[in-house]
Student: 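Take this structure, written in structure tokens, and hold onto it; I'll ask about it next.
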Number of protein chains: 2
Amino acid sequence: MANTQFSTKDRILGAAEELFAQHGFSGTSLRQVTTRADVNIAAVNYHFGSKDNLVTEVFRRRMDDMSAQRLERLRQAQEASPGELEPILAAFVEPALALAQDRNGGGAFIRVIARAYAEKNDGLRKFLSERYGHVLRDFARAMAACVPGLSKEQLYWRLDFLAGALTYAMADFGLIKRPTGVSDATHRTKAAQELIRFAAAGFKS
Amino acid sequence: MANTQFSTKDRILGAAEELFAQHGFSGTSLRQVTTRADVNIAAVNYHFGSKDNLVTEVFRRRMDDMSAQRLERLRQAQEASPGELEPILAAFVEPALALAQDRNGGGAFIRVIARAYAEKNDGLRKFLSERYGHVLRDFARAMAACVPGLSKEQLYWRLDFLAGALTYAMADFGLIKRPTGVSDATHRTKAAQELIRFAAAGFKS
DNA sequence: GTCTATAGGATGATAGAC
DNA sequence: GTCTATCATCCTATAGAC
């Protein structure tokens, strides 16, 4: 093993993640991936079997971690301040923010998530909902306890609004131009704070 | 001209829209487009010059109309009920809803919009912001008058949250499953109402 | 595990006949 | 305006040497 810090497999995953975020799944070729990862073109098929498998692996690596963080933060929030909505929203928003801030390619990953939502008919979407649906259901339950009187349908809509706004903001798609002199990290942190406040008011309405 | 109801150009645009929504821009080949439109492969380059031009044309066809509707509804809202926030939000949300409901393929276009922000196609993004940025600025101005005390930055963030939630909800990405027995139209109309309420509270916070 | 080489096919775009 | 035919390029995936 020439590089002990990052294995060939990890380098491929990192390069793929960045390129997927930038050019999409089908917009990224395995040649681009292997060139950036500085590995041989054949290594992808050796380690992952196919391009599709590489796509789901890129996903799993980040989402498993983010979902675990969200659930842990949710648990903490319910323990420390039961009945309060804002900490629950923060438990949902901030792990996504942290991922977006991550120097090690995580920032790109938020856009990969956005892309996955759009991938309506693909197996990727099914994979996501099967593997991570329980996280959203846990959040829905916790929020219901804070905002009694909402129908289940209303609750789910609002969670969807939150997820949509979060994805959009973290993917940096909007009109908001980062003011010059403000770091990317500061800018996104601000966005997260604003979103928590915005959503808290929305949920309580 | 064999088909007088839909020109070759329109058939290409319609087929491209559906396929872009389903597979993304780079995931869709011109061959797929021309096969579905039942026109010759060379017709795309004849009518549009390039694939990139086709992409922007797909946008222009729907967005010009939706933006005009938004601005007209905004004007009406400001005239009929000055200082009220909800009618302004409705002026923003409901034209998107109408498009999503449109029998003539408009529904797919909402998903194309979602694709656009996932794909981070810089050329497309520039085109959109240059051509439709003024619409959002007009809305920001109108909202500022309803919710004094917000910084420009806060206002823009909130508009972004609204746009993100709207796209996500109209594209039907969320966990919300349409209850059986409820029509697609009713379901989305409900979503729009809920979003207006949610966002109104958020903006006023 | 990593490489070279290549098979086998799809892609965007164009030239030129009608 | 519409067609066929084709170019040059790129793609994923694999076979086989080291």
Side-chain angles (χ1 to χ4, degrees), chain A residues 1-59 61 112 115-116 119 121-124 127, chain B residues 1-61 112 115-116 119-124 127:
Chain A
M1 202 179 300
N3 188 329
T4 48
Q5 194 183 4
F6 292 109
S7 65
T8 294
K9 208 169 165 175
D10 279 336
R11 292 216 308 287
I12 292 173
L13 283 170
E17 181 173 84
E18 288 170 32
L19 289 163
F20 287 163
Q22 221 171 338
H23 307 115
F25 302 126
S26 41
T28 300
S29 72
L30 295 183
R31 277 179 165 73
Q32 290 174 280
V33 171
T34 52
T35 299
R36 175 173 296 215
D38 199 29
V39 302
N40 189 271
I41 170 72
V44 168
N45 278 283
Y46 176 77
H47 286 287
F48 299 96
S50 72
K51 185 179 179 177
D52 278 350
N53 280 353
L54 174 60
V55 169
T56 53
E57 274 306 305
V58 164
F59 240 88
R61 185 171 70 142
V112 177
R115 199 180 301 279
E119 225 51 43
N121 293 323
D122 239 32
L124 188 54
F127 168 80
Chain B
M1 202 180 301
N3 189 331
T4 50
Q5 195 183 2
F6 291 109
S7 65
T8 294
K9 209 169 163 173
D10 278 335
R11 292 215 308 287
I12 292 173
L13 285 169
E17 183 174 76
E18 290 170 31
L19 288 163
F20 288 162
Q22 220 170 338
H23 306 115
F25 303 119
S26 44
T28 300
S29 72
L30 294 183
R31 282 177 166 77
Q32 289 174 281
V33 172
T34 52
T35 300
R36 176 175 293 215
D38 199 30
V39 302
N40 189 272
I41 169 75
V44 168
N45 277 283
Y46 176 77
H47 286 285
F48 300 96
S50 71
K51 186 180 179 178
D52 278 349
N53 280 352
L54 174 59
V55 170
T56 55
E57 275 306 304
V58 164
F59 269 89
R60 221 170 43 74
R61 183 170 70 143
V112 175
R115 285 281 181 188
E119 296 246 348
K120 206 190 174 201
N121 178 330
D122 279 335
L124 183 58
F127 168 81

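Note on naming: letters A, B, ... go to the chains in the order of the sequence lines (proteins, then strands), and numbering restarts at 1 for each one.
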Student: Only pairs at least two apart or in different chains count here, so list each salt bridge (charged side-chain N to carboxylate O under 4.0 Å, His left out) that has a residue in residues 22-34 of chain B.
Tutor: none

Student: Tell me, which pairs form a salt bridge (charged side-chain N to carboxylate O under 4.0 Å, His left out) where one or both residues lie in residues 40-59 of chain B, sequence neighbours left out?
Tutor: B:E57-B:R60

Student: Distance check needed: C:dG1 P versus A:F6 CZ, whole Å only.
Tutor: 18 Å

Student: Checking contacts here: which listed nucleotide (D:dT2, C:dG12, D:dT14) is nearest the side-chain heavy atoms of B:H47?
Tutor: D:dT2

Student: Heavy atoms, side chains only, cut-off 4.5 Å: are A:N40 and A:T8 in contact?
Tutor: no

Student: Nearest whole angstrom, please: distance from the P of C:dT11 to the CG of B:L54.
Tutor: 15 Å

Student: List DNA chain C stems (3 or more consecutive Watson-Crick/G-U pairs, under 3.5 Å)?
Tutor: C:1-18 with D:1-18

Student: In whole Å, I'd like the distance from the CG atom of B:D10 to the P atom of D:dG1.
Tutor: 13 Å

Student: Return no unless some side-chain N or O of B:S29 is found under 4.0 Å from OP1 or OP2 of C:dA10.
Tutor: no

Student: Which comes earlier along DNA chain D counting from the 5' end, the contact point of A:G49 or that of A:Q32, where each point is its nearest nucleotide?
Tutor: A:Q32

Student: Have a look at A:S26 and say if it touches a base, only the backbone sugar-phosphate, or nothing, with a 4.0 Å heavy-atom cut-off.
Tutor: nothing

Student: Taking only nitrogen or oxygen atoms into account, show me every contact under 3.5 Å that the protein makes with nucleotides 3-7 of chain D, one pair per line with its distance.
Tutor:
| unit_1 | atom_1 | unit_2 | atom_2 | d |
| --- | --- | --- | --- | --- |
| D:dC3 | OP2 | B:N40 | N | 3.4 |
| D:dT4 | OP2 | B:N40 | ND2 | 3.0 |

Student: Could you pull out all residues at least two apart from B:R61 that satisfy side-chain hydrogen bond (donor to acceptor under 3.5 Å, both in side chains)?
Tutor: none

Student: Sort and list the pairs that fulfil salt bridge (charged side-chain N to carboxylate O under 4.0 Å, His left out) and have at least one residue in residues 33-42 of chain B, not counting sequence neighbours.
Tutor: B:E18-B:R36

Student: For A:T34, report the nucleic acid contact type (base, sugar-phosphate, nothing); a contact means any heavy atom under 4.0 Å.
Tutor: nothing

Student: Could you work out, with side chain to side chain contact (heavy atoms under 4.5 Å, CB included) as the rule, every residue matching B:T35, not counting sequence neighbours?
Tutor: none

Student: For C:dT2, does OP1 or OP2 lie under 4.0 Å from any side-chain N or O of A:T8?
Tutor: yes

Student: To the nearest Å, how far apart are A:Y46 OH and C:dT2 P?
Tutor: 7 Å

Student: B:F48 has an atom CZ; how far is it from atom P of D:dT2, in whole Å?
Tutor: 11 Å

Student: Tell me: CZ of B:R11 to P of D:dG1, nearest whole Å?
Tutor: 14 Å

Student: Between B:L13 and B:L54, is any pair of side-chain heavy atoms under 4.5 Å apart?
Tutor: yes

Student: In this structure, how many angstroms lie between the P atom of D:dA13 and the NZ atom of A:K51, rounded?
Tutor: 8 Å

Student: Excluding sequence neighbours, so at least two apart, what forms ring-ring contact (aromatic ring centres under 6.0 Å, His included) with B:F25?
Tutor: B:F20

Student: Report the residues that fulfil ring-ring contact (aromatic ring centres under 6.0 Å, His included) with B:F59, sequence neighbours left out, ordered by chain and then residue number.
Tutor: B:F109

Student: What's the CG-P distance between B:N45 and C:dT11, to the nearest Å?
Tutor: 14 Å

